[in-house]
Every structure is written in C-alpha cells, then in structure tokens.
Amino acid sequence: MSAKKPFYITTTLPYVNAEPHIGHAMEFIRADIIARSKRLSGFDVFFNTGTDEHGVKVYQKAQQLNLAPQVYVDQAAAKFKEILPVLGMSSDINFIRTTDPHHIKSAQAFWQTVQKNGEKAKDGPYIYKKNYSVKYCVGCELEKTDSELVNGRCTLHPLQELEIIQEENYFFKFSAFQDTLLKLYVDRPDFVIPSTRLHEIHAFVERGLQDFSISRLATKMPWGVPVPGDETQVMYVWFDALVDYISAIGWPDDEVAGVSQNGAFKKWWTETGGVVQYCGKDNLRQQSAMWQAMLMAAGLTPSKTIVINGFVTGEGGVKMSKSLGNVVNPLDVVREYGTDALRYYVAREISPFEDSPFTLEKFKEAYNANLANGIGNLTSRIMKMAEANIQPDSVNPILAVEFIEALDHYDIKTACDFVWAKITALDVTIQKEEPFKKLKVEETKGAALKLIEELVKGLAEVALHLEAILPETALKIQECIKANKVPVAPLFMRK
RNA sequence: CGCGGGGUAGAGCAACGGUAGCUCGUCAGGCUCAUAACCUGAAGAUUGACGGUUCGAUUCCGUCCCCCGCAACCA
C-alpha cells in the first residue's frame, strides 16, 4: 500500500509525418522535468508519450515512400522511441502508439460512448451524419483548407478553379458544448497555462463553435481507426489521437486492454484530477477545447491543466525550415554537448511560454557560461578543497519551497534561475571568504575547514534541485560528494 | 474594425505607477581553490511613435506604426 498521491502528465503525441525536431525535444524534456520533480516531491507519477500515426498526411507520406502505412509508421515510431533515452527521459515513461490494438479498441469505445450519450441528451445527438464539402485542387490532387488558400485559390495553381467535393461524414456536435467549455475556463483560471492562452481559447469559444467532421471515407483514406458499425468510414485523426490520454491509462478499464488494469483509470484520471497536457501553441484548440468537449460528451471529467509552449524559432524569430537551413537537430546537439546540456537550454534559455530563438551560437555561449564555467567549475573547485582537507560526511538537503512553487506553475525557467542563483552565491562565498587562503594560516584553518563543509552542503543542495532538470549531472555531483573526490573528468568541458 | 502575442542597452530577456534590472558580449581591476575558470567595478537604453490621466508612466487610457502566430473539417 502506497500513500503516495498520483500525478499524471503527458506530452502531445508527435505526428509521425515529420522527423523528431527541437520543438518535440523541448516538450519532452519539459514534461520530463515536471514528472521528475513531482517524483522528487513524493508523488506517484504516470508519464505518457507516444506517437500519433493515423491520418491523411501519414497515408500520403507512406505512399510517396512506396511503403505500406504500417511499415512506415513502425519505422517512424521507432525513431521517436529511440530519442527518449537520448533526451534523458524517465525510464518508466509510457509509450503509446495510436496503432496499438488497445488504443484502437479504446478509441472505438469512446466513439460509441459519445454516440450513446448523445442519443439520450436533449442537445444531442453528439455524432451525426452530414454532407461535408471539400475544396479540392485538381492541380495538386489534394484537398485544401481555407487557410491554405489565397483569395479562394490554391497558391500553387492560381488559375485552376477549385472543385467542391461533397462527401458524407460523421460530425461531432462541438457546438453543444460551448457553454460548458466557457464555464470550465471561468471556473478554473489555471486550466490553460499561460493565462493569455486561456483568454485566447475563451475568446475563440465565445465566438461560437462549429461542429466538425470526425470521419473520412475509407475508400479515399483508409488509414484510420474504423468507425464502429460503419466500415465505409474511418475516424478523423484528431478524434482518435486525443483519446490516447485515456486509452493509455486503461479507459474504459478492463475490457479494453483485455487484462485487469486494477482501477488504473480511476487512479490516474479521477484521483489526480485529470491529466496535465503539454503541447505547442498550435494545439491550443484541439487540446483545450475540442478534446475537452469530447470528454464531456463521453461523460468524463476534463483534463487537469493544459500547458502551452511557444515555438522554437531560428535566429531573429523566423520559423525554422529546411529551405532556410536554420533547422537544429536535437540529436546533433546532444552528440556535441550531451543530454544535460540540451535539457539545460530548453529548460532555462528558452522562454517557458513564448516563442524563442534557438541558435547554435547562443547555445554554445549558454553552455560555456552556465554549465562549464558555472556548475562544472564550481563542482571542481569545491570538491578539490574538500578532497584535500575534509572527510566525507552525509548531507541531507531538502527542496526549497520557491523551487517547488515555480514548478507547480510550470515555470521551469524560474525554477532554474533559483538553482543558478545558488550556484553564483557559492562562487561569491568562495571569493569573499577565501577558504583557500585561510587554510594556510594556523589561526584561521579551523574556520576554513568549517566553511568547506558548508560549501559541500551547498553543492549537495544544488545537486538535489538539479535531479529533475539535469539528472545525469546531479548524479555525478552526488557521487563526487559521497566519495569526497573531485570529478574524474570535468562535468562540462569548455567548448 | 477577425483573434491573440510582441516592439526595453550590441544580442536574448525581466520589471509593470515612484531612481529601468538580468544573462551573454565589451572594457578595467582583483583572486589563484577551480575547467585561461571565479569575484568586483565600468561603459552602454530619450523603454516603437504621438497624445492623455497622474505629484510622478516603461508600467494605466487613447490613436498610430512595425513584427509574429492563428483564422477551425492541415497534425
């Protein structure tokens, strides 16, 4: 029997249409920092990630590569799974794929539940069939959304008239949930973080909601979860993918996974007050409005919190793109600087909620200043004095309230600032008190030894706070302290 | 009048009614325990523009200019 309180956090499942990029890395790392810090504070943590594998883009990509969709997504999912340890993700992270059989069953059960609830509801039905008109560019041989068009025309084929294709799809009665969503936003000011994003979604919902299509004709696009009771349609990818947040924890309990989940859903959804969802700002609507309405329609309580990240941009705030050549591959960064260096950068040097530029020059600067010259050098200088002059002693640091508070608000940068303020304070103390000098004089030697013990204590405190942020580094420092030795190699080599 | 965010030292950010702070970079000095690291100090900003409120505005209000996302059935 564990008395630990449960906590559930998830990343957005990356869509496997693209390779893992720095934005994914940032989201993974930030969610991992929260997960680790919650464990440090004594919570029982379920940490979820995975891959979103259905939908038209994936289907097309597989066709381009001349691969069966399943073969393509297997390869793509493997790539995402491989980078988790490279980014220092908690080893007990759950990895769900939307092509997992238990997820597919869960998504279908979700559909049926929404359908059934809608039949009884006075504002139902929640799922109904309707003609859906698609704008189709013959030149591209592709469906186009309004946002892709300029003056109602395809930008690549401006002389071609767009064809309007009528298709019968299932729709979700999003509009029925407007009031309930607005009430959710008003009642829970922390539902979406930061608050500007809550205002944004509130304003969006207030303007009125349109029901959205949640299925596609299987003859045109077969790569999706089959709609229960209608083989001619597959689910629209969002309707399937978002369900992963509950399918991952066994919803709707035992019959889905085929094995007993021991009340996993109750524990991770009900007792936690819902999931904490990390996502990019482009996902604001899907995660904080559409998904919440879907949960309501299924008779489930909303998520706990949606944390919205900004985008990682290139220099000058421009979008990263292959054609501009300003794309940064997280794996290259890790290869050159190490996992913890990347974790440091996305935790502290990139704005917690706004767009921020990422350049290798800035990265190197921050690395040298705060890792090599900062925590790395500090560890060396303290441990050198300790090794030569004092005996190893046990230290039991505790987490600072300010640190925990900052993380409770998902303000990872402020939490890091707190730790680095401590690092600077230790450097200042050494300079001001000059224990290295006092050691050489008989009258002051005792004071110097005491001071060195204090410095080691301070270093241990820093290490404890770094456990969530830079787990490898924290461990190395703790081992040095325990053995009372200088690091065998510099923690962070200057670059 | 579509929605939201932003314009603050060379760069990246903070503050948000009362002498404009931080990090990096630059310059000078100090220290030698340490990874040519560390510490101290200095230079550097008419806080996008113009009005208004106020004893006082970067901070509140109005107008304007510029930048970036989004504008739903593209993930």
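No hydrogens, no waters, no symmetry mates; every other heavy atom, side chains included, goes into these values. Sequence lines set the chain letters: A, B, ... in the order given, protein chains first and strands last, and positions in each chain run from 1.
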| message | Looking only at the side chains, is there a donor atom on one of A/Asp74 and A/Gln70 sitting less than 3.5 Å from an acceptor on the other? | response | yes
| task | Check the distance between B/C73's C1' and A/Phe239's CZ and give it to me in whole angstrom. | result | 13 Å
| request: Among B/A72, B/C39, B/G4, find the nucleotide with the atom closest to the side chain of A/Glu200. | output: B/G4
| field | Same-atom distance (P) from B/A11 to B/U26, integer angstrom | value | 16 Å
| remark: Only one of A/Val58, A/Leu13, A/Thr99, A/Asn17 passes side-chain contact (heavy atoms from CB on, under 4.5 Å) with A/Glu53, and that residue is A/Thr99
| field | Atom-pair distance (CG on A/Asp282; P on B/C70), nearest Å | value | 8 Å
| Roughly, in whole Å, what's the span from NZ in A/Lys413 to P in B/C22? | 14 Å
| Is the phosphate of B/C24, meaning OP1 or OP2, less than 4.0 Å from a side-chain N or O of A/Tyr367? | no
| note | In A/Glu27, A/Arg30, A/Arg197, the residue satisfying side-chain hydrogen bond (donor to acceptor under 3.5 Å, both in side chains) with A/Asn309 is A/Arg30
| side-chain N/O A/Arg381 vs B/U35 OP1/OP2, d < 4.0 Å | no
| said: Less than 4.0 angstrom between a side-chain N/O of A/Lys437 and OP1 or OP2 of B/U32, yes or no? | reply: yes
| task | Output yes when a side-chain donor or acceptor of A/Asp240 lies under 3.5 Å from a complementary backbone atom of A/Ala107, and no otherwise. | result | no
| Checking side-chain contact (heavy atoms from CB on, under 4.5 Å) against A/Gln292, which of A/Tyr185, A/Phe191, A/Phe177 comes through? | A/Phe191
| field | Atom-to-atom span, CD of A/Gln286 to C1' of B/A71 - whole angstrom | value | 13 Å
| query | Quick one: on RNA chain B, does A/Ala241 or A/Gly208 contact a more 5' nucleotide (nearest heavy atom)? | reply | A/Gly208
| said: Can you tell me which nucleotide in B/A75, B/C73, B/C24 comes closest to the side chain of A/Val56? | reply: B/A75
| query | Going by modelled atom types, is there a donor-acceptor pair between the base of B/C73 and the side chain of A/Gln210 at under 3.5 Å? | reply | yes
| task | Have a look at A/Gly376 and say if it touches a base, only the backbone sugar-phosphate, or nothing, with a 4.0 Å heavy-atom cut-off. | result | base
| request: Determine the Euclidean distance between corresponding P atoms of B/C39 and B/G25; express it in Å to zero decimal places. | output: 12 Å
| Distance below 4.0 Å between A/Lys384 side-chain N/O and B/A34 OP1 or OP2 | yes
| Atom C1', compared across B/G21 and B/A36: separation rounded to whole Å | 30 Å
| query | Please give, in whole Å, the distance from B/C38 P to A/Glu434 CD? | reply | 17 Å
| query | Nearest of B/C24, B/U40, B/C73 to any side-chain atom of A/Glu365? | reply | B/C24
| task | Take atom NZ of A/Lys362 and atom C1' of B/U23, then tell me their distance rounded to the nearest Å. | result | 9 Å
| query | Planes under 30° and centres closer than 5.5 Å, is that true for A/Phe436 with the base of B/C33? | reply | yes
| said: Just N and O in the side chain of A/Lys440: are any of them under 4.0 Å from OP1 or OP2 of B/C33? | reply: yes
| query | Given atom OH of A/Tyr345 and atom P of B/C13, what is their separation to the nearest angstrom? | reply | 10 Å
| note | Rounded to whole Å, CD1 of A/Ile430 lies from C1' of B/U40 at a distance of 16 Å
| query | Quick one: on RNA chain B, does A/Arg285 or A/Asn370 contact a more 5' nucleotide (nearest heavy atom)? | reply | A/Asn370
| field | Validation row, ring centre A/His24 to ring centre A/His21 under 6.0 Å | value | yes
| task | Kindly say if A/Asn169 contacts the phosphate of B/C73, meaning a side-chain N or O under 4.0 Å from OP1 or OP2. | result | no
| query | Which listed nucleotide (B/U35, B/C31, B/C73) is nearest to the side chain of A/Asn377? | reply | B/U35
| query | B/U8 and B/C1: how far apart are their C1' atoms, nearest whole angstrom? | reply | 29 Å
